[in-house]
Amino acid sequence: MTANEDQEMELEALRSIYEGDECFKELSQVSFQFRIGDLDDTKAFILDVTWPETYPETAPQLSLDAFFNNRISPETKQLILSKVEEQVEANLGEAMMYTLFEWAKENQETLMENHRPVVTAVTLTSNSETTTTASTAKKKERKEQLTKAQKRRIINRTDHKGELPRGWNWVDVIKTVWE
């Protein structure tokens, strides 16, 4: 069999095995994504696989560049890729996609044992205007904080209603007139 015939047979097998499975996504006839773990799992990741023309005689291209994987540190990504590539080398020359996906599912905990989520800030341009106006509105609502001494001085200058007594600033006016 030629490499293209092997690819077609494996593609048919993958389609029938993963039909209706939301973890498997066929991007093209030679490119696939497989999610290892649940969507809400912090240790989940998406493995991108692309077949070269001579697959399965040559190794498929593996990648963890999907946006879903942005929270995974580069060191963890490198570890996952090296372990999966070991499996590729062991299965070279035969249809291996199902084997790789299942191996990754079974070994997810081992692959992600050193995983520390990477926190990245994402700002959406459409929401940035709303965010900035909301944050400035919050700043305007906030009252100035006074120290206890400042509050005492204000209270001592005002009467029991909180108003300044009549003529409280006349002293300065009179000083200026007499000088």
Side-chain angles (χ1 to χ4, degrees), residues 1-139 141:
M1 277 197 223
T2 65
N4 286 340
E5 289 174 354
D6 286 342
Q7 288 180 6
E8 287 176 23
M9 287 180 55
E10 185 168 4
L11 182 60
E12 282 182 42
L14 288 172
R15 285 177 179 160
S16 65
I17 292 169
Y18 294 113
E19 183 179 350
D21 189 348
E22 62 185 33
C23 293
F24 178 77
K25 186 175 186 181
E26 181 182 342
L27 303 176
S28 71
Q29 288 190 340
V30 294
S31 183
F32 313 95
Q33 283 186 337
F34 194 80
R35 187 182 74 239
I36 312 298
D38 295 328
L39 282 173
D40 56 349
D41 186 4
T42 58
K43 294 188 175 191
F45 61 93
I46 292 180
L47 181 65
D48 288 316
V49 180
T50 305
W51 291 342
E53 283 185 37
T54 55
Y55 172 83
E57 302 306 321
T58 57
Q61 297 168 349
L62 304 172
S63 168
L64 292 172
D65 294 335
F67 182 77
F68 185 81
N69 297 333
N70 281 353
R71 60 196 154 89
I72 301 173
S73 69
E75 296 82 24
T76 306
K77 286 181 181 180
Q78 190 59 45
L79 173 80
I80 293 169
L81 286 174
S82 65
K83 296 289 185 183
V84 173
E85 285 170 358
E86 288 176 13
Q87 294 301 312
V88 169
E89 292 299 320
N91 293 303
L92 206 55
E94 50 192 71
M96 67 178 90
M97 290 299 98
Y98 177 77
T99 309
L100 285 181
F101 296 153
E102 293 303 311
W103 180 87
K105 279 199 303 193
E106 291 170 9
N107 294 290
Q108 177 187 3
E109 286 299 317
T110 309
L111 294 172
M112 298 293 282
E113 67 186 350
N114 295 327
H115 170 62
R116 302 284 174 264
V118 175
V119 179
T120 55
V122 177
T123 308
L124 301 175
T125 53
S126 60
N127 291 339
S128 64
E129 296 170 6
T130 319
T131 306
T132 54
T133 55
S135 63
T136 54
K138 286 180 183 177
K139 288 179 185 175
E141 292 175 359

Any K83 side-chain heavy atom under 4.5 Å of N107 side chain: no
Note, W103 side chain near I36 side chain (heavy atom, < 4.5 Å): no
Side chain proximity check, F68 to L39, heavy atoms < 4.5 angstrom: yes
Geometric class of the Y18/F101 ring pair [parallel <30°, tilted 30-60°, perpendicular >60°]: perpendicular
Atom of K43, atom of Q108 and distance for their closest heavy-atom approach: O-NE2, 2.9 Å
Check: L64 and I46 side chains under 4.5 Å, non-hydrogen atoms: no
Taking every non-hydrogen atom, the tightest pair across S73 and T76: OG-OG1, 2.9 Å
Backbone of M96 reached by a side-chain donor or acceptor of E10 within 3.5 Å: yes
Smallest separation among heavy atoms of W51 and P60, with atom names: CD1-CB, 4.0 Å
Distance (rounded to the nearest 0.5 Å) between T50 OG1 and L27 CG: 7.5 Å
Between CD1 on residue I17 and CE on residue M97, distance to nearest 0.5 Å: 12.0 Å
E22 and R35, any side-chain heavy atoms less than 4.5 Å apart: yes
Under 3.5 Å: donor-acceptor pair, side chain of Q7, backbone of V30: no
Side chain proximity check, F45 to L111, heavy atoms < 4.5 angstrom: yes
Charged tip of R71 within 45° of F67 ring normal and under 6.0 Å: no
P52 versus A59, closest heavy-atom pair with distance: CG-O, 3.4 Å
Contacts of E26 that satisfy side chain to side chain donor-acceptor pair (under 3.5 Å) - sequence neighbours left out: R15
Exceeds 12 heavy-atom contacts within 6.0 angstrom, atom NZ of K25: no
Pairwise distance CG(L14) to CZ(F24) - rounded to 0.5 angstrom: 5.0 Å
Interatomic distance, T110 atom OG1 to L79 atom CG [nearest 0.5 angstrom]: 9.5 Å
Neighbour count >12 (heavy atoms, 6.0 Å) for atom OH, Y98: no
Would you mind writing out the side-chain donor-acceptor pairs for residues 84-94 within the sub-3.5 Å range, not counting sequence neighbours?
from : atom 1 : to  : atom 2 : distance (Å)
N91  : ND2    : Q87 : O      : 3.0

Nearest atoms (heavy-atom pairs only) where Q33 meets A66: NE2-CB, 4.2 Å
